[in-house]
There are 2 protein chains.
Amino acid sequence: MIKVYITDDHPIVQEGIKNLLATRDEISLTGVYQNGKDTLEALVKEEPDVLLLDINLPDISGIELSKQIRDAYPELKIIVLSVHNEKAVISSVLQNGVNGYVLKNSIGDEIIQAIHKVIDGELYMCVQTRDIYNNQDTTGPDFIPKITRREKEILQLVTEGMTSAQIAEKLFISPYTVETHRKNLMEKFDVNNMTAIIKYATEFKLL
Amino acid sequence: MIKVYITDDHPIVQEGIKNLLATRDEISLTGVYQNGKDTLEALVKEEPDVLLLDINLPDISGIELSKQIRDAYPELKIIVLSVHNEKAVISSVLQNGVNGYVLKNSIGDEIIQAIHKVIDGELYMCVQTRDIYNNQDTTGPDFIPKITRREKEILQLVTEGMTSAQIAEKLFISPYTVETHRKNLMEKFDVNNMTAIIKYATEFKLL
DNA sequence: GAAAAAATACCTGAAACCCGGGATGCCCGA
DNA sequence: TCGGGCATCCCGGGTTTCAGGTATTTTTTC
């Protein structure tokens, strides 16, 4: 019997997956959670074999969460469910050591398959994900840069349309410092101006 | 018997809703579609009483689609399912004359309720939506500005990090013209620089 | 406790952007 | 048909950002 947890904040999706898993008698659903916090708490008490994890959660970035869980529970198989078909997101999540990546527009069978594959110790990616992952000539970054707390803060304010001077005033730091942070961000994202960053940051929900 | 169509590109969500509706014997599911095109084609052949419409579709902007369907089928009740909890999106969709707006993190019961309410001729909004809609002090625009084809094109290129000069060259127009479009965009979004626009444009999937 | 990472600050010149105008031609819908 | 929306082009001046550094202090992490 394969014990499975679901973490997804949409009741309808939960319902859909529940139903799907109910058709298989080698799989038992032992927990359903709406956010990262509840999931982490549940894992402390009881560890399932597989976690189906939506990476768009209300409280924590799923990318960050998947890393935390991976580090804390090396035996647990994590299958990420996601709407993100951008290479950068897929790469980042896979680099965190998850065991599967399934796009939400996949058919239910792919989830069942994924569960069996990861239990067998394999890495599972749905067909579409595989295509994107192997495709060289995608636009956009190949990975999501790791940004610091302060950089994130500055990026947020830039995104709201504030100038460096305004940001400096708001954060009680020198405009020069703000400039430095901007430069570092541009370097990390490998672009020449902030506009290009904002698109990715918004798309990838970094803010 | 209330005839219902579902349009959503996620099989798992379809499954969840199917299940939900199956528990009610006054509701019959008469069609399930994955995109705007299929939905429009199906409507030509047979019109249901209610359409449950996800506004994040692979082919058409759901906001645009809802308007089209409203105009072509005035009798059809449209309930929009969405992950967007931004006031601007809610307002825009409602202004297109849809009959209901339900966030995807709502519980299943709200969908059932919504169906009955709209059949009764009422406008239905889920609890959360109502809160957002009535809240005055939200950040961001109160509506999604209507932008022209050319403006959209310029916005896209700006978002990719191109300068006005580069855009001008690419589109074979004067840099002055590009500047004018930028100015018009900033006016429409009521902001002082392009960075603030990019966030909304990406968030609202205008590009 | 030391090393690495993050945050801070400074300078300068060039490039790009923003602001406040004015102006023309085209085309589509009322 | 004619008016409004759209796209186009132009100018000058002020502001902001970008690119190229260097360098110190604070915080985190191992």
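Chain naming here is simple, since letters A, B, ... match the order of the sequence lines and numbering starts at 1 in each.
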Q. Are A:Glu86 and A:Tyr200 close enough that a side-chain donor and a side-chain acceptor fall under 3.5 Å?
A. no
Q: Indicate yes or no: does B:Lys104 engage A:Asp9 in a salt bridge with an N to O separation below 4.0 Å.
A: no
Q. So does A:Glu160 pair up with B:Lys199, basic N to acidic O under 4.0 Å?
A. no
Q. Between B:Asn135 and B:Arg130, does any side-chain donor sit less than 3.5 Å from a side-chain acceptor?
A. no
**Q.** salt_bridge(A:Glu64, A:Lys67) N-O dist < 4.0 Å
**A.** no
(Q) I want to confirm an ordering. Mapping A:Met194 and B:Tyr176 to their closest nucleotides on DNA chain D, which one lands closer to the 5' end? (A) B:Tyr176
Q) Reckon A:Asn184 touches a base, only the sugar-phosphate, or nothing at all at heavy-atom distances under 4.0 Å? A) nothing
(Q) What's the angle between the local helix axes at either end of the helix from C:dG1-D:dC30 to C:dA30-D:dT1, using five pairs per end and rounding to 10 degrees? (A) 80°
**Q.** Distance-only polar pair, side chains of A:Glu15 and A:His10, donor-acceptor under 3.5 Å
**A.** no
Q) NA contact type, A:Asn193, heavy-atom cut-off 4.0 Å: base, sugar-phosphate, or nothing? A) sugar-phosphate
Q. So what does B:Thr148 touch, heavy atoms closer than 4.0 Å: a base, only the sugar-phosphate, or nothing?
A. sugar-phosphate
Q: Tell me, please, the opening and closing nucleotides of DNA chain C, 5' to 3', among those with an atom under 4.0 angstrom from a non-hydrogen atom of chain B.
A: C:dA16 to C:dG21
Q: Answer yes if the side chains of A:Glu203 and B:Thr202 hold a donor-acceptor pair under 3.5 Å, and no otherwise.
A: no
Q) Just by distance, with hydrogens left out, do B:Glu41 and B:Tyr33 show a side-chain donor and acceptor under 3.5 Å apart? A) no
Q) Using 4.0 Å as the upper bound for N to carboxylate O, is an ion pair formed by A:Glu47 and A:Lys3? A) no
Q | Residue pair B:Leu51 / B:Thr7, side-chain heavy-atom distance below 4.5 Å | A | yes
(Q) For a quick check of understanding: with a heavy-atom distance under 4.0 Å over all strands, which category does B:Ser174 fall into, base, sugar-phosphate or nothing? (A) sugar-phosphate
Q. Do A:Tyr101 and A:Ser82 have side-chain atoms, one donor and one acceptor, less than 3.5 Å apart?
A. yes
(Q) Could you tell me the boundaries of the chain B footprint on DNA chain D, defined by atoms under 4.0 Å from its heavy atoms? (A) D:dC6 to D:dC11
Q) A:Ser164 near the nucleic acid: base, sugar-phosphate alone, or nothing, with a heavy-atom cut-off under 4.0 Å? A) sugar-phosphate
